Amino acid sequence: MVARELLGKRLVRVFDGQRAAGIIIESEAYDGEQDQACHARSGKTARNAAMYGEAGRAYVYFTYGIHWMLNCVSGEDGYPAAVLIRAIYPAERFNLIRENREGVERKSWCDGPAKLTKALPITGEFNGIDLCDPNSPLFIEEGILFEDEEVQTTPRIGIQNTPEPWLSQPWRFIAHSSQVNGDLL
DNA sequence: TCTTCGATTGTCT
DNA sequence: GACAATCGAAGAA
């Protein structure tokens, strides 16, 4: 439910006192220790501790030796669940995003979970931060609404060695909408 | 447009 | 010591 509802919300990064932002257009849900694709599948560790915290906080982790990933924690306090932010549509401060994604064409600026963290930029220092607080250097605010007809669901991707039924759960959400398909300003 | 493959390091077993 | 919720370059179609 949270993964669906985050589509259309505005992800805001305050950097050097100025806002940079994008509309969330792709997300994936990870739900509890029983979910064999979730980082919490083997229980609580130092790395995934933020997932066990209260909803609305950030869970930021490093992977493949190169990439930072941003999640929004969901579920009851103490229950490990989070939504991976997989893609955003650049909406504010293109110059910063362009600088951070130098050499990449604009349609590929933020169309992947590690791309958007490089573009804004977001690193592990934001792990545990309150995404509901407009005073945070990174937060989420209201944006636009996508109709269900504009939203595609698919199984999650990039999850290796995950058994059924977790492999096939339709917990990935993608917005296909004229509201965000046009050329960037 | 699609497929293959190397990069690179924190975290867990 | 193995591996990862990925990216981007390179080569093929």
Side-chain angles (χ1 to χ4, degrees), chain A residues 1-7 9 11 13 22 24-53 55-75 79-90 96-129 131 138 140 151-176 181 183-184:
Chain A
M1 186 178 82
V2 175
R4 168 64 180 89
E5 294 189 350
L6 279 177
L7 294 183
K9 295 281 190 293
L11 179 66
R13 168 79 163 96
I24 297 171
I25 55 174
E26 184 176 336
S27 62
E28 274 179 3
Y30 290 86
D31 182 30
E33 296 181 350
Q34 71 279 9
D35 177 359
Q36 292 303 297
C38 180
H39 281 171
R41 60 183 174 277
S42 300
K44 189 174 183 177
T45 66
R47 182 200 198 196
N48 64 26
M51 284 185 85
Y52 288 77
R57 300 263 173 179
Y59 167 41
V60 183
Y61 68 89
F62 189 67
T63 193
Y64 289 102
I66 330 177
H67 305 302
W68 290 102
M69 303 285 151
L70 171 66
N71 298 251
C72 179
V73 175
S74 61
Y79 180 90
V83 174
L84 173 66
I85 309 302
R86 290 195 54 87
I88 61 174
Y89 184 77
L96 175 70
I97 295 173
R98 186 188 308 114
E99 286 172 19
N100 290 334
R101 301 289 291 137
E102 196 162 8
V104 178
E105 53 184 326
R106 54 176 57 186
K107 70 176 183 180
S108 299
W109 279 350
C110 299
D111 63 346
K115 299 182 185 182
L116 70 91
T117 58
K118 187 172 183 190
L120 283 186
I122 298 166
T123 64
E125 66 184 298
F126 296 113
N127 191 38
I129 204 171
L131 295 173
L138 179 68
I140 293 171
V151 176
Q152 174 191 12
T153 63
T154 80
R156 295 169 292 181
I157 61 176
I159 50 178
Q160 317 294 336
N161 309 315
T162 299
E164 295 291 359
W166 313 109
L167 184 62
S168 298
Q169 294 292 348
W171 288 351
R172 178 186 184 209
F173 297 80
I174 311 168
H176 299 286
N181 284 346
D183 285 339
L184 298 176

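This one's a predicted model, so the numbers in the text were calculated from it and none came from an experiment. The figures here come from the full heavy-atom set of this structure, side chains too, leaving out hydrogens, waters and symmetry mates. Numbered from 1 within each chain, the chains take letters A, B, ... in sequence-line order.
Separating the CE atom of A/Met69 from the C1' atom of B/dT9 is a distance of 13 Å, rounded to the nearest angstrom. When rounded to the nearest whole Å, the span between CD of A/Gln160 and P of C/dT6 equals 8 Å. Between the CD atom of A/Glu28 and the P atom of C/dA5 there is a distance of 11 Å, given to the nearest Å. Taking atom CD of residue A/Glu102 and atom C1' of nucleotide C/dG8, one finds them 16 Å apart after rounding to whole Å. Note: CG (A/Asn127) to P (B/dG10) measures 15 Å, nearest angstrom. As rounded to whole Å, 14 Å separates atom C1' of C/dA5 from atom CD of A/Gln36. The CD atom of A/Glu26 sits 12 Å away from the C1' atom of C/dT6 (whole-angstrom rounding). Straight-line distance from the CH2 atom of A/Trp68 to the C1' atom of C/dA4: 14 Å, rounded to whole Å.
In this pair, A/Trp171 and A/Trp166 present their aromatic rings tilted. The plane angle is within the 30 to 60° band.
Applying the 5.5 angstrom centroid cut-off and the 30 degree plane-angle cut-off, the aromatic ring of A/Tyr30 is stacked upon the base of C/dA5.
How far CD of A/Gln36 is from CD of A/Glu164: 12.0 Å, rounded to the nearest 0.5 Å.
A/Ala114 comes within 4.0 angstrom of sugar-phosphate atoms only, judged by non-hydrogen atoms across all strands, and of no base. Counting non-hydrogen atoms under 4.0 angstrom, A/Asp35 reaches nothing in the nucleic acid. As judged by a 4.0 angstrom heavy-atom cut-off over every strand, A/Arg101 is placed among residues touching the sugar-phosphate backbone only. At the heavy-atom level, A/Leu84 lies under 4.0 Å from base atoms of the strands shown.
Both A/Ile159 and A/Val104 lie close to DNA chain C; mapped to their nearest nucleotides by heavy-atom distance, the more 5′-ward contact belongs to A/Ile159.
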Test side-chain contact (heavy atoms from CB on, under 4.5 Å) on A/Phe173 and A/Leu6; report intermediate values, then the result.
CA-CA 10 Å; A/Phe173 297 80; A/Leu6 279 177; over 6 Å; no
Could you walk me through whether A/Ile157 and A/Glu28 satisfy the side-chain contact (heavy atoms from CB on, under 4.5 Å) test, starting with their C-alpha distance in whole Å, then the side-chain angles of each, then the deciding distance to 0.1 Å, before giving a yes or no?
CA-CA 9 Å; A/Ile157 61 176; A/Glu28 274 179 3; 3.6 Å; yes
Assess the residue pair A/Glu33 and A/Tyr52 against the criterion (side chain to side chain donor-acceptor pair (under 3.5 Å)); give the C-alpha distance rounded to whole Å, side-chain angles, the decisive distance to 0.1 Å, and a yes or no.
CA-CA 10 Å; A/Glu33 296 181 350; A/Tyr52 288 77; 2.6 Å; yes
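Considering only side-chain N and O atoms, A/His67 lies nowhere under 4.0 angstrom from the phosphate OP1 or OP2 of C/dC7. Side-chain N/O atoms of A/Arg86 include one lying less than 4.0 angstrom from OP1 or OP2 on C/dT6. The phosphate of C/dG8 has OP1 or OP2 within less than 4.0 Å of a side-chain N or O from A/Lys115. Phosphate proximity of C/dC3 to A/Asn161: absent, as no side-chain N or O sits under 4.0 Å from OP1 or OP2.
Residues A/Gly53 and A/Val73 come closest through the heavy atom pair O-CG1, 3.6 Å. Summarising the geometry of A/Pro155 relative to A/Leu167, their closest heavy-atom pair is CB-O, 3.6 Å, with the distance given to 0.1 Å. When all heavy atoms of A/Ala114 and A/Met69 are compared, the pair lying nearest together is CB-CE, 3.8 Å.
Interface remark: the A/Tyr64 side chain does not form any donor-acceptor pair with the B/dA7 base, using a distance-only criterion of under 3.5 Å.
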Dot-bracket, 5' to 3', for DNA chain C please: Watson-Crick or G-U pairs under 3.5 Å, [ ] where pairs cross earlier ones, | where the partner sits on another strand, dots elsewhere.
||||.|||||||.
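At least one donor-acceptor pair closer than 3.5 Å links the side chain of A/Asn71 to the backbone N or O of A/Tyr59. Side chain of A/Trp68 to backbone of A/Lys118: no donor-acceptor contact under 3.5 angstrom is found.
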Polar atom pairs between nucleotides 11-13 of chain B and protein, under 3.5 Å, N or O only, would you list them?
unit_1 : atom_1 : unit_2  : atom_2 : d
B/dC12 : OP1    : A/Thr45 : OG1    : 2.2
B/dC12 : OP1    : A/Arg47 : N      : 3.2

